[in-house]
Amino acid sequence: MLTSISDVRDRLATQQYIASDEIATAMFLADRLGKPLLAEGPAGVGKTELAKSWAGATGRELIRLQCYEGLDETKALYEWEYAKQLLYTQLLREKLSDLLGDARTLREAADRLASEEDVFFSERFLLPRPLLRALTSEQPVVLLIDEIDRADAEFEAFLLEVLSDFQVSVPELGTIKARHMPTVLLTSNNTRELSEALKRRCLYIHIDYPDLENELRVVQLKVPGLAPRLARQAVELVQRLRGMDLKKHPSVSETLDWARALLELNSKQLDQATLDNTLSVLLKYESDIQRARRALQGGAERPDRPDRPDRPDRPRGGYRGGEWNN
């Protein structure tokens with residue numbers, strides 16, 4: 001049982017997840033109120049990682065449903081193992097022959113077979129998918145419904161029963177209710193507008209790119225071997241890139257990839273050569289790379305130019321001495 005918002009923050013910290021006050025409060029309320037939490041925001045800001053970290057912090061299994069266009073309830077909820085049913089039918093052929101052998105009409109044979117169909121439509125032949133696994137688990141779990149905005153509106157409507165009553169209807173078996181209330185986190189990259197009905201059933205939080213100091217904390221925590229000065233330079237550059245008109249801004253996960261790349265390259269400072277050779281770790285479109293290079297031209301530290309304010313060859317714009325000059 002969570003006792004406070006600081007308890008949430010401390011638990012997430014054990015998983016190396018730095019939670020803001022807003023995130024910690026949202027997780028606390030979701031747990032205490034038994035409500036799903038919808039986390040919306042740009043890709044790569046830590047929405048999925050929040051679910052993973054919460055599962056680790058609480059010692060619960062993480063069950064993940066990755067959403068995509070065309071996802072339907074059979075792929076999310078359950079399927080019947082028809083191959084297994086057919087195998088059992090073949091193995092029980094003699095029993096079926098005994099059962100149907102003296103039937104005088106086709107209708108009578110069909111009626112007898114129908115009376116035994118519960119054998120073939122039972123949990124023995126049910127293949128649970130993520131939603132059903134979360135509801136029937138023997139222990140409380142964390143259910144991550146990832147990128148719900150990629151799924152169709154029809155699937156979103158199907159989820160309403162699950163999120164409202166934590167139960168699902170299986171025609172052959174009836175209504176299956178959750179054995180334990182799962183902690184449900186839904187994520188959305190906001191590629192389409194979600195329905196009001198879905199949002200009404202959830203608590204809501206928008207997770208945006210962190211500010212410079214918080215992102216620097218993440219880098220120092222996840223990539224501790226990176227020199228502090230270089231870490232700050234890297235984060236400052238990423239923050240500047242996010243202010244540009246790009247097709248895709250670098251995410252926090254890409255900041256971490258870049259920090260690890262700089263560490264692997266034994267970089268000591270963010271000079272022009274390093275920036276030119278590694279910018280593609282941050283940016284994934286050639287047009288973005290070219291635009292960033294033009295904007296940052298002369299902006300990285302050059303080893304042959306010491307940081308002296310009285311040097312006449314100091315560039316008018318660029319990164320010098322811990323801050324960007326324009």
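- More than 12 non-hydrogen atoms from other residues, nucleotides or ligands lie less than 6.0 angstrom from CD of E286.
- Pairing each heavy atom of Y285 with each of K248, the nearest pair is CE1-CB, 3.8 Å.
- N277 places a side-chain N or O within 3.5 Å of a backbone atom of A273 that can act as its donor or acceptor partner.
- C202 approaches L163 most closely through the heavy-atom pair SG-CD1, 4.3 Å.
- Side-chain polar atoms of Q233 and Q269 form no donor-acceptor pair below 3.5 angstrom.
- Electrostatic pairing of R232 and E213 counts as a salt bridge here, judged by a charged N lying under 4.0 Å from a carboxylate O.
- Note on R179 versus E138: salt bridge recorded, some NZ/NE/NH1/NH2 to OD/OE distance being below 4.0 Å.
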Salt bridge (charged side-chain N to carboxylate O under 4.0 Å, His left out) assessment of R242 paired with E215: CA-CA 13 Å; R242 293 197 186 118; E215 189 163 18; 2.8 Å; yes
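- No donor-acceptor pair closer than 3.5 Å links the side chain of S137 to the backbone N or O of P140.
- Summarising the geometry of A55 relative to L62, their closest heavy-atom pair is CB-CB, 3.8 Å, with the distance given to 0.1 Å.
- Note on K75 versus D72: salt bridge recorded, some NZ/NE/NH1/NH2 to OD/OE distance being below 4.0 Å.
- Heavy atoms only, all atoms of each residue included: R32 and L2 are closest at NH1-O, 2.9 Å.
- Of the residues L279, L283, D288, the one that meets the side-chain contact (heavy atoms from CB on, under 4.5 Å) test with P250 is L283.
- Contact check on D165 versus K177 returns no salt bridge, with no Lys/Arg side-chain nitrogen under 4.0 Å from an Asp/Glu carboxylate oxygen.
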L270 vs L237, side chain to side chain contact (heavy atoms under 4.5 Å, CB included): CA-CA, chis, key distance, verdict: CA-CA 10 Å; L270 198 58; L237 188 139; 3.9 Å; yes
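- E193 has a carboxylate O that lies under 4.0 Å from a charged side-chain N of K199, or vice versa, which qualifies the two as a salt bridge.
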Determine, step by step, whether S4 and D7 satisfy the side chain to side chain donor-acceptor pair (under 3.5 Å) criterion, reporting the C-alpha distance in whole Å, the side-chain angles of both residues, the deciding distance to 0.1 Å, and the verdict. CA-CA 5 Å; S4 65; D7 185 22; 5.5 Å; no
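- A distance-only check finds no donor-acceptor pair linking the side chain of R9 to the backbone of S20 [under 3.5 Å].
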Given salt bridge (charged side-chain N to carboxylate O under 4.0 Å, His left out), test K284 with E254 step by step and report yes or no. CA-CA 10 Å; K284 305 304 170 62; E254 285 161 334; 3.0 Å; yes
Please assess E156 against S195 for the test side chain to side chain donor-acceptor pair (under 3.5 Å), listing each intermediate value before the final yes or no. CA-CA 8 Å; E156 187 182 323; S195 70; 2.5 Å; yes
Between R150 and E147, does a salt bridge (charged side-chain N to carboxylate O under 4.0 Å, His left out) hold up when you go through it step by step? CA-CA 6 Å; R150 293 184 179 273; E147 297 183 314; 3.2 Å; yes
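- R129 and T74 get closest at one heavy-atom pair: CG-O, 3.6 Å.
- Closest non-hydrogen pair, M244 versus A292, comes out as SD-CA, 4.1 Å.
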Assess the residue pair K47 and D146 against the criterion (salt bridge (charged side-chain N to carboxylate O under 4.0 Å, His left out)); give the C-alpha distance rounded to whole Å, side-chain angles, the decisive distance to 0.1 Å, and a yes or no. CA-CA 9 Å; K47 302 185 297 297; D146 213 7; over 6 Å; no
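- Note on R133 versus E61: salt bridge recorded, some NZ/NE/NH1/NH2 to OD/OE distance being below 4.0 Å.
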